[in-house]
**Q** 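Take a look at the following structure, please.
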Amino acid sequence: MTADSPASALRSTQAVLLDFDGPVCSVFAGYPAPQIADELRALIRDAIGDLPDEITDANGPHEVLGASASLGNDVWQRVEEALQVAEVKAVESATPTPGVAEFLEICRSAKRPVAIVSNNCEASVHKYLEQAGIADHIRHIEARDPVHVERMKPSPFLVDRAAAALSVSPGRCVLIGDQPSDVAAAIAAGTRSIGYANKPGKAGDLAQAGADSVIGDMNDVAALIGVAS
């Protein structure tokens with residue numbers, strides 16, 4: 001598959017769907033995701049004893065949450081509640097992604113509505129947007145469903161809901177995210193996707209996942225919004 005240019009990915013779209021952790025900020029900059037995952041594993045161990053392999057092998061807190069669904073509603077709900085507390089705490093020390101404020105301002109000037117589409121909990125997204133002073137640039141937040149863990153990306157559920165909230169068809173939206181799960185969700189929803197390769201090795205992973213385009217800097221896509229509008 002040959003990737004399009006970011007301008008091409010933007011040109012046919014009317015709205016922007018923005019992943020939170022990565023394109024907007026580094027959520028776990030001061031409270032590392034591996035630490036949170038270990039804390040969730042400890043909670044599960046206290047509840048059930050020996051951990052199943054899918055919990056032990058889970059890479060991050062959202063993967064631990066997803067794997068915990070097979071352990072029954074009581075355990076899974078405790079993990080969900082603990083993760084929400086951790087995410088809200090994490091955003092207190094989150095660091096902004098360079099260029100995102102400029103990107104959001106250009107989207108507003110170009111009348112491109114922006115929605116956040118995130119596997120993080122809604123309270124953490126709201127808290128960060130307010131403390132960063134960018135809440136008024138966001139039209140809608142579609143965050144993790146606290147009851148249906150299976151609706152997290154790579155499911156298209158959050159993407160479809162965000163597009164509906166903006167009154168734009170999924171095919172006229174572009175999702176910017178830094179994980180292959182973002183790209184998979186976009187493909188499943190029929191949405192264009194731009195991979196944000198903010199770390200070494202991500203560009204190849206995002207391209208292989210099927211991203212329409214890959215960028216390494218939010219300033220790059222910010223500069224193209226006006227051109228593609």
**Q** Using modelled atom types and a 3.5 Å cut-off, is there a donor and acceptor pairing between side-chain atoms of Ser26 and backbone atoms of Thr95?
**A**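 No; judged by distance alone, with no hydrogens or angles, the pair does not exist.
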**Q** Decide yes or no for Glu54 and Glu63: does some side-chain heavy atom of the first lie under 4.5 Å from some side-chain heavy atom of the second?
**A**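 They are not in side-chain contact.
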**Q** Are any of the side-chain heavy atoms of Ile36 and Val64 separated by less than 4.5 Å?
**A**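 Of all side-chain heavy-atom pairs linking Val64 with Ile36, none is under 4.5 Å.
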**Q** State, with a plain yes or no, whether a side-chain heavy atom of Leu71 is found less than 4.5 Å away from one of Ile55.
**A**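 Leu71 reaches Ile55 side chain to side chain.
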**Q** Counting only heavy atoms not in Arg172, do more than 12 sit closer than 6.0 Å to its CZ atom?
**A**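 Above 12, so yes.
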**Q** Quick one: CG on Leu104 to NE2 on His137, what's the gap to the nearest 0.5 Å?
**A**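 Atom-to-atom, Leu104:CG and His137:NE2 are 6.0 Å apart.
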**Q** Let me check something: any side-chain donor-acceptor pairs from residues 114-125 under 3.5 Å, sequence neighbours excluded? List them with distances.
**A**
unit_1 : atom_1 : unit_2 : atom_2 : d
Ser118 : OG     : Asn120 : N      : 2.8
Ser118 : OG     : Asn120 : OD1    : 3.1
Asn119 : OD1    : Lys153 : N      : 2.8
Asn119 : ND2    : Lys153 : O      : 3.1
Asn120 : ND2    : Glu87  : OE2    : 3.1
Glu122 : OE2    : His126 : NE2    : 3.2
Ser124 : OG     : Cys121 : O      : 2.7

**Q** Does CG in Asn73 sit with more than 12 non-hydrogen atoms of other residues, nucleotides or ligands closer than 6.0 Å?
**A**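 No, not enclosed.
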**Q** If I take atom OG from residue Ser213 and atom CZ from residue Arg192, how far apart are they, to the nearest 0.5 angstrom?
**A**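 Nearest 0.5 Å value for the OG-CZ distance: 9.0 Å.
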**Q** Under 3.5 Å, is there a donor-acceptor pair between the side chain of Glu81 and the main chain of Arg78?
**A**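 No: the side chain of Glu81 does not pair with the backbone of Arg78.
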**Q** Once rounded to the nearest 0.5 Å, what's the spacing between atom OG1 of Thr13 and atom CD1 of Ile194?
**A**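 That separation rounds to 7.5 Å.
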**Q** Which atom names give the shortest non-hydrogen contact between Ala69 and Val149, and what distance separates them?
**A**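 Result for this residue pair: CB-CG1, 3.7 Å.
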**Q** So, do Pro34 and Phe28 sit near enough that their side-chain heavy atoms are less than 4.5 Å apart?
**A**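 Contact flag for Pro34/Phe28 side chains = no.
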**Q** Tell me the closest heavy-atom pair linking Pro170 and Asp160, and the distance in Å.
**A**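 Result for this residue pair: CG-OD1, 3.8 Å.
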**Q** How close do Val16 and Leu166 get, heavy atom to heavy atom, and via which atoms?
**A**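 That would be O-CD1, 4.4 Å.
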**Q** Report yes if the side chains of Val183 and Pro180 come closer than 4.5 Å at any heavy-atom pair, otherwise no.
**A**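 The answer is no; the side chains never approach within 4.5 Å.
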**Q** Kindly give the heavy-atom pair with the smallest separation between Ala222 and Ile106, and that separation in Å.
**A**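 That closest heavy-atom pairing would be O-CD1, 3.3 Å.
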**Q** Should Val27 and Phe20 count as side-chain neighbours, where that means a heavy-atom distance under 4.5 Å?
**A**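 Yes, at least one pair of side-chain atoms sits under 4.5 Å.
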**Q** Using the rule that two of Ile, Leu, Val, Met, Phe, Trp, Tyr join whenever any of their side-chain heavy atoms come within less than 4.5 Å, decide whether Leu175 and Ile215 are in one cluster.
**A**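 Different clusters.
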**Q** In Å and rounded to the nearest 0.5 Å, what is the SG to CD1 distance from Cys25 to Ile134?
**A**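 Here the interatomic distance stands at 7.5 Å.
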**Q** Tell me whether the count of non-hydrogen atoms from other residues, nucleotides or ligands lying under 6.0 Å of CG in Asp50 goes above 12.
**A**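 No, not enclosed.
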**Q** Check whether any side-chain heavy atom of Asp178 lies under 4.5 Å from a side-chain heavy atom of Lys199, and answer yes or no.
**A**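 Not in contact.
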**Q** Does atom CZ (Arg161) have a neighbourhood of more than 12 heavy atoms from anything else shown, all under 6.0 Å?
**A**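 No, the 6.0 Å shell around CZ holds no more than 12 heavy atoms from other groups.
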**Q** Establish whether Leu17 and Leu129 are linked, either directly or via other cluster members, by ILVMFWY side-chain heavy-atom contacts under 4.5 Å.
**A**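 No.
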**Q** Quick one: pull up CD in Glu92 and OH in Tyr31 and give me the separation to the nearest 0.5 Å.
**A**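 Result: 10.5 Å between the selected atoms.
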**Q** Could you tell me which non-hydrogen atom of Asp21 sits nearest to which non-hydrogen atom of Asp19, and how far apart they are?
**A**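 Distance-wise, the nearest heavy atoms are O-OD2, 3.2 Å.
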**Q** Taking atom CG of Asp212 and atom CG of Leu206, what is their separation to the nearest 0.5 Å?
**A**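 The CG atom of Leu206 is 12.0 Å from CG of Asp212, to the nearest 0.5 Å.
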**Q** Are Val91 and Leu65 in one and the same hydrophobic cluster, where Ile, Leu, Val, Met, Phe, Trp and Tyr link if side-chain heavy atoms are under 4.5 Å apart?
**A**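 Yes, one cluster joins them.
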**Q** Compare every heavy atom of Val214 with every heavy atom of Ala197, then report the nearest pair and how far apart it is.
**A**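 That would be CB-CG1, 3.9 Å.
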**Q** Should the pair Asp38-Arg41 be classified as a salt bridge under the 4.0 Å nitrogen-to-oxygen rule?
**A**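 Salt bridge flag = yes for Arg41 with Asp38.
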**Q** Dump the intermediate steps for side-chain contact (heavy atoms from CB on, under 4.5 Å) on Val221 and Phe103, then the final yes or no.
**A** CA-CA 7 Å; Val221 71; Phe103 170 77; 3.7 Å; yes
**Q** Please check if Leu10 and Val159 belong to a single hydrophobic cluster, counting links between Ile, Leu, Val, Met, Phe, Trp and Tyr side chain heavy atoms closer than 4.5 Å.
**A**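 They do not share one cluster, since no chain of ILVMFWY contacts under 4.5 Å joins Leu10 to Val159.
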**Q** Tell me whether Glu105 is salt-bridged to Arg108, with the criterion being a basic N under 4.0 Å from an acidic carboxylate O.
**A**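 A salt bridge links Glu105 with Arg108.
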**Q** Under a 4.5 Å side-chain heavy-atom rule over Ile, Leu, Val, Met, Phe, Trp and Tyr, are Trp76 and Leu51 clustered together?
**A**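 Yes, one cluster joins them.
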**Q** Could you give me the CA-CA distance, side-chain angles and deciding distance for Asp182 and Tyr196, then say whether side-chain contact (heavy atoms from CB on, under 4.5 Å) is met?
**A** CA-CA 10 Å; Asp182 296 311; Tyr196 173 48; over 6 Å; no
